[in-house]
Amino acid sequence: NPEQIMSDEVRGTNSAIYRASQSSAACAGMGTTLVFAWILGRQLHLAHVGDSRAYLWRRGTLHLLTKDHSLLQEQLDSGLITPEEARFSQNKNLVTRALGVEPTVDPEINEYPVQPGDVYLFCSDGLNDMLVDEEIQLVLQTLSVNLSLAAKQLVQMANDNGGRDNISVILVKILRAFPA
């Protein structure tokens, strides 16, 4: 059961980070976010915690597959702020769920069908805080034939826009159909 395996792995990782943060003053209060993908057959199994994200670029359209576990997302969902206000909010890094902060964590796990030609982007908030989705889409539209160059371009653009946080980018392209 991929969902159970992923849940167990995330919980084990959370436990290790939590124990480290409790046993060392230098690590006190540390935590991190996670996006974890497993392609099995014709399905993408996706787990995430916090505000690291997964996107799907399919047939010219960018789709956000994850929903941030953050105060900002809660404010957006409740209508307290608009997407434009969220872009300039000072609350961007206030996550409501993270690895290592509490003894246990519940990852959000979903499953999506995989198709040939799909490009998946897995990234830290250091990327999506610095770029709007339309900028990410433009890079994937123009450079999806060269994922290494696309990743470098995304990181460069995020740095050019201020680069206030660590920027992690992984791009994966599905080249052909998997056997059933």
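All figures in this text were calculated on a predicted structure; none of them were measured in a lab.
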Can you see whether Arg59 engages Gln115 through a side-chain donor-acceptor pair at a distance of less than 3.5 angstrom? yes
Less than 4.5 Å apart, side chain to side chain, heavy atoms only: is that true for Thr82 and Glu85? yes
According to ring pair (Phe, Tyr, Trp, His ring centres under 6.0 Å), does anything in residues 36-79 pair up with another residue at least two apart or in another chain? List the pairs. His48-His69
Residue Arg87 excluded, over 12 heavy atoms near CZ under 6.0 Å: yes
One pair to check against side-chain hydrogen bond (donor to acceptor under 3.5 Å, both in side chains): Asp160 and Gln156. What are the steps and the verdict? CA-CA 6 Å; Asp160 290 348; Gln156 184 63 52; 2.7 Å; yes
Pair Asp125-Val95, side-chain contact (heavy atoms from CB on, under 4.5 Å): steps then yes or no: CA-CA 11 Å; Asp125 65 319; Val95 293; over 6 Å; no
Any non-hydrogen side-chain atom of Asn159 less than 4.5 Å from a side-chain atom of Ile167? yes
For Leu131 and Ala158, which heavy atoms make the closest approach, and how far apart are they? CD2-N, 4.0 Å
Can you list the residues that meet the salt bridge (Lys or Arg N to Asp or Glu O under 4.0 Å) rule with Arg53, with sequence neighbours excluded? Asp68
Nonpolar side-chain network containing Leu175, other nodes, edges under 4.5 Å: none
Has the side chain of Ser24 got a donor or acceptor atom that lies under 3.5 Å from a matching backbone atom of Ala20? no
Do you know the tightest heavy-atom contact between Ala54 and Leu64? O-CD1, 3.6 Å
Spacing of Gln75 atom CD and Ser89 atom OG [to the nearest 0.5 Å]: 6.0 Å
Donor-acceptor pair, side chain of Ser124 and main chain of Asn166, under 3.5 angstrom: yes
Quick one: do Leu171 and Leu65 end up in the same hydrophobic cluster if we chain Ile, Leu, Val, Met, Phe, Trp and Tyr together by side-chain heavy atoms under 4.5 Å apart? no
Using a 4.5 Å cut-off on heavy atoms from C-beta on, say whether the side chain of Leu76 contacts that of Pro83. yes
If you take all heavy atoms of Cys123 and Asn128, which pair is closest and at what distance? SG-OD1, 3.8 Å
Does Lys173 NZ have over 12 foreign heavy atoms under 6.0 Å away? yes
Might you point out which heavy atoms bring Asn14 and Pro103 nearest each other, and give the distance in Å? ND2-O, 3.2 Å
Under a plain distance cut-off of 3.5 Å, with no hydrogens placed, do Arg19 and Ser15 share a side-chain donor-acceptor pair? yes
State yes or no: do Ile39 and Tyr112 share one hydrophobic cluster built from I, L, V, M, F, W and Y residues joined by side-chain heavy-atom distances below 4.5 Å, directly or via other members? yes
Share the residues that join Phe88 in a hydrophobic cluster, the rule being Ile, Leu, Val, Met, Phe, Trp or Tyr side chains under 4.5 Å apart at the heavy-atom level. none
For residues Leu143 and Ile136: do they belong to one hydrophobic cluster (side chain heavy atoms under 4.5 Å, members Ile, Leu, Val, Met, Phe, Trp, Tyr)? yes
With the 4.5 Å side-chain cut-off for hydrophobic clustering, are Leu62 and Leu121 part of the same group? yes
Below 4.5 Å, heavy atoms only, C-beta onward: do Leu127 and Leu154 meet side chain to side chain? yes
Rounded to the nearest 0.5 Å, what's the gap from OG1 on Thr61 to CD on Gln141? Could you check? 9.5 Å
Flag side-chain contact, heavy atom, 4.5 Å: Leu99 against Thr33: no
So among Val172, Leu147, Leu56, Ile174, which one has a side chain to side chain contact (heavy atoms under 4.5 Å, CB included) with Val119? Leu147
Listed partners of Asp106 passing salt bridge (Lys or Arg N to Asp or Glu O under 4.0 Å), at least two apart: Arg11
Which residues satisfy the salt bridge (Lys or Arg N to Asp or Glu O under 4.0 Å) test with Lys67, sequence neighbours excluded? Asp77
Before you tell me yes or no, could you show the steps for Asn110 and Glu108 under side-chain contact (heavy atoms from CB on, under 4.5 Å), namely the whole-Å CA-CA distance, both residues' side-chain angles and the distance that decides it to 0.1 Å? CA-CA 7 Å; Asn110 293 291; Glu108 187 171 330; 3.6 Å; yes
Is there side-chain contact between Arg42 and Pro113, with heavy atoms separated by less than 4.5 Å? no
Tell me the closest heavy-atom pair linking Asp129 and Arg164, and the distance in Å. O-NH2, 4.4 Å
May I have the step-by-step check of side-chain contact (heavy atoms from CB on, under 4.5 Å) for Phe122 and Val169, ending in yes or no? CA-CA 6 Å; Phe122 308 105; Val169 172; over 6 Å; no
Are Met157 and Leu149 connected in a single hydrophobic cluster, I mean Ile/Leu/Val/Met/Phe/Trp/Tyr linked by side-chain heavy atoms less than 4.5 Å apart? yes
Output, in order, the C-alpha distance, side-chain angles, deciding distance and verdict of side-chain contact (heavy atoms from CB on, under 4.5 Å) for Arg97 and Val105. CA-CA 7 Å; Arg97 205 182 304 183; Val105 70; 3.8 Å; yes
On a heavy-atom basis, the closest approach of Asp165 and Gly126 is CB-CA, 4.0 Å
For Asn1, does the CG atom have more than 12 heavy-atom neighbours from other residues, nucleotides or ligands under 6.0 Å away? yes
Are the side chain of Asn161 and the backbone N or O of Met130 linked by a donor-acceptor pair below 3.5 Å? yes
Evaluate the side-chain proximity of Ser7 to Ile5: yes if any heavy-atom separation is below 4.5 Å, no if none is. no
Just by modelled atom types, is the Tyr18 backbone N or O under 3.5 Å from a matching donor or acceptor in the Ser21 side chain? yes
